[in-house]
Amino acid sequence: MKVSIRDVLWWLVLSAPVLLVNQVAAADPFSGWEIALGVGMVGITVLLRRARPLVAAGIALAAWAGALIPRPEAGAVAAFAFTAMLVATSYNAGFRVRRHRDALIRLALAAGVLSLLVLVLARDVGAWLVTLIGALLFALIPWLLGRHHQKYRALVRAGWERAEQLERQQQIVGEQARLQERTRIAGDMHDLLGHQLSLVALRIGALEVAPSLDAGHREAAGQARASVTDAAERLREVVEVLRNDSGPVTGESVADLVEQARAAGMAVTLSETGEVAQSMRARAVCRIVQEALTNAAKHAPGASVTVEVRHTDDESEVSVANPLTGDREPASGGGYGLVALAERVRLAGGTFQAGPERGRFLLSARIPQVAQAIAASDSAARLARAEGQVRSSRNIAVAAAAASAVLLGLLTVNITAFDTITSVLPSAAFDRMQIGQSRSSIEHLLPARTKIDDPPDGDLPLPPSTSCSYYSTHHNPFDERRGDLYRLCFRQDVLVDKDYLQR
């Protein structure tokens, strides 16, 4: 696996938060092996970001969740250390992955499994919620933004392809205009010169029969008349060629074209079913096969070519495929033959596609028996499809961001309510507690959770050699007295102080 300078720079940038996390979260620092493991996981995600972008995003999400297991109360540590890596890898996965639905399902499954592991191993609902919030904010939203960027790039690419297609069509239109002008010139030549030559022949014919001329002069006049008539005939033939530059329709078939290609040394396999009478549809099929064989001989010399033709009562289907060569740069010629074929099929109401597909170059067309309504060109259809995908990805990203904001708001309210309700010490129970009682004797009066673990700002001085617990006084998390606390201080599991802290 080739490592570039950009990969090294990415590794250094994304490793910086892991190396600096102990400067920010000194209360619960990373150990040396945790820092080394984190830096190593960053390196792995950088190496996999091109070949396996979804795997890289999964590793980053696992690092985020894994940092919460040994320190469930310190979610800021994981957030500072691995947020940059998670955002970068998720955005990269959204930009590079093509099958978005499958990728999103796998990412959601990974997030669900990791959050359950955090809940089981850390035994903390808060850590589980932090894992879900991290997956939502720092994995899903960047992934959607990367997907939108991918669609936007596809739109830009389709726009340039459309511009190139229009330029080619403009050149074809110019060539057609020149051919039409040549046809008009041919008509003018026939009308003017043909008329004048006819008059000259008529006058010379009059001299040929004039009685005043001797026999020698009349013979010379006859020869001149014959020469002028022959010139007029030659002029008519030339004008016919100019007026019909494509030549007459011949009876050449697909089998004849394949035999000619085989005689020239190409390895061609033909599969043709059904029959079609000589018509414009048959000529279009032959023209498609002829152009495809010409392209195969030009761009993939020596490669085997497969030609499949199927005629039905309703339509004719043509498919010509050859393996892609190592050199993917198109040869000279500009691709005007394919443009002309696409236009011919489009005007016939059919569909035409040509391009790489699964390691081969495939040219396919469907031509109906009865011409249908003319569809938009292939480049215009791709451009419209790309525009629709960009609008869709933008709407999904905006909707996901809005839904995430609403969900986070609801989670915050619910967590606040849950934390308050499960940490309330009823006032009656507080009044029943007496100084000197053991913790075991009042354990049944205490709620399942404490409101906070560390002393709040403005706390009363702690009695010496004691550990204190803080509990809520009201069930309503939005009451004006929601900040009030009951403080119980124990020394060797004996209650030595209890206070009501009004905040």
Determine whether [X] and [Y] make a side-chain contact, defined as any pair of heavy atoms from C-beta on separated by less than 4.5 Å.
X: V320; Y: T306; result: no
X: L19; Y: V39; result: yes
X: P463; Y: R491; result: yes
X: T312; Y: E315; result: yes
X: D459; Y: Y470; result: yes
X: V309; Y: S271; result: no
X: T269; Y: V307; result: no
X: R487; Y: L460; result: yes

> ring pair (Phe, Tyr, Trp, His ring centres under 6.0 Å) between W64 and F138: does it pass, once the steps are laid out?
Replying inline: CA-CA 10 Å; W64 164 276; F138 307 127; 5.5 Å; yes
Can you tell me how far [atom2] of [Y] sits from [atom1] of [X], rounded to the nearest 0.5 angstrom?
X: S90; Y: L107; atom1: OG; atom2: CG; value: 6.0 Å
X: N322; Y: R360; atom1: CG; atom2: CZ; value: 9.5 Å
X: D493; Y: S440; atom1: CG; atom2: OG; value: 7.5 Å
X: Y471; Y: L445; atom1: OH; atom2: CG; value: 10.5 Å
X: C468; Y: L501; atom1: SG; atom2: CG; value: 9.5 Å
X: D497; Y: F490; atom1: CG; atom2: CZ; value: 10.5 Å

Could you pull out the closest heavy-atom pair between [X] and [Y], with the gap in Å?
X: W10; Y: A88; value: CZ3-CB, 4.0 Å
X: F82; Y: A67; value: CE1-CB, 3.8 Å
X: A65; Y: V118; value: O-CG2, 3.6 Å
X: C286; Y: L257; value: O-CD1, 3.3 Å
X: A81; Y: V18; value: O-CG2, 3.4 Å
X: L293; Y: A261; value: CD1-CB, 4.1 Å

>> Going by salt bridge (charged side-chain N to carboxylate O under 4.0 Å, His left out), name the residues that satisfy it together with R106, two or more places apart in sequence or in a different chain.
In response: none
Quick one: does any side-chain atom of [X] pair with a main-chain N or O of [Y] as donor and acceptor, under 3.5 Å?
X: K498; Y: M433; value: yes
X: Q150; Y: F95; value: yes
X: E308; Y: E272; value: no

>> For T450 and S423, which I'm curious about, is there any donor-acceptor pair between the side chains at under 3.5 Å?
In response: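 Short answer, no.
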>> Looking only at the side chains, is there a donor atom on one of Y500 and D484 sitting less than 3.5 Å from an acceptor on the other?
In response: yes
> Heavy-atom count around F430 CZ within 6.0 Å, excluding the residue itself: above 12?
Replying inline: yes
>> Just checking Q492: does its CD atom have more than 12 heavy atoms from other residues, nucleotides or ligands closer to it than 6.0 angstrom?
In response: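 Result for CD/Q492: open.
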Name every donor-acceptor pair, under 3.5 Å, that has one atom in a side chain of residues 46-55 and the other anywhere in the protein, sequence neighbours excluded.
from, atom 1, to, atom 2, distance (Å)
R49, NE, D7, OD1, 3.3
R49, NH2, D7, OD1, 2.9
R50, NH1, D7, OD1, 3.1
R50, NH1, D7, OD2, 3.2
R50, NH2, D7, OD1, 3.4

> Can you tell which of D499, T466, L495 makes a side chain to side chain contact (heavy atoms under 4.5 Å, CB included) with L488?
Replying inline: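 Exactly one pass, corresponding to L495.
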>> Run L9 and R6 through side-chain contact (heavy atoms from CB on, under 4.5 Å) and show every step you take.
In response: CA-CA 5 Å; L9 292 177; R6 180 178 296 182; 5.6 Å; no
> Which is it for V305 and M266 under the side-chain contact (heavy atoms from CB on, under 4.5 Å) test, yes or no, and what are the steps along the way?
Replying inline: CA-CA 8 Å; V305 183; M266 292 184 65; 3.8 Å; yes
>> Checking S469 against Y486 for the side-chain contact (heavy atoms from CB on, under 4.5 Å) test, could you report, in this order, the C-alpha distance in whole Å, the side-chain angles of both residues, the deciding distance, and whether it holds?
In response: CA-CA 8 Å; S469 301; Y486 286 132; over 6 Å; no
> Do N92 and T45 pass the side-chain contact (heavy atoms from CB on, under 4.5 Å) test, and can you show the C-alpha distance, the side-chain angles, and the key distance before you say yes or no?
Replying inline: CA-CA 10 Å; N92 176 74; T45 59; over 6 Å; no
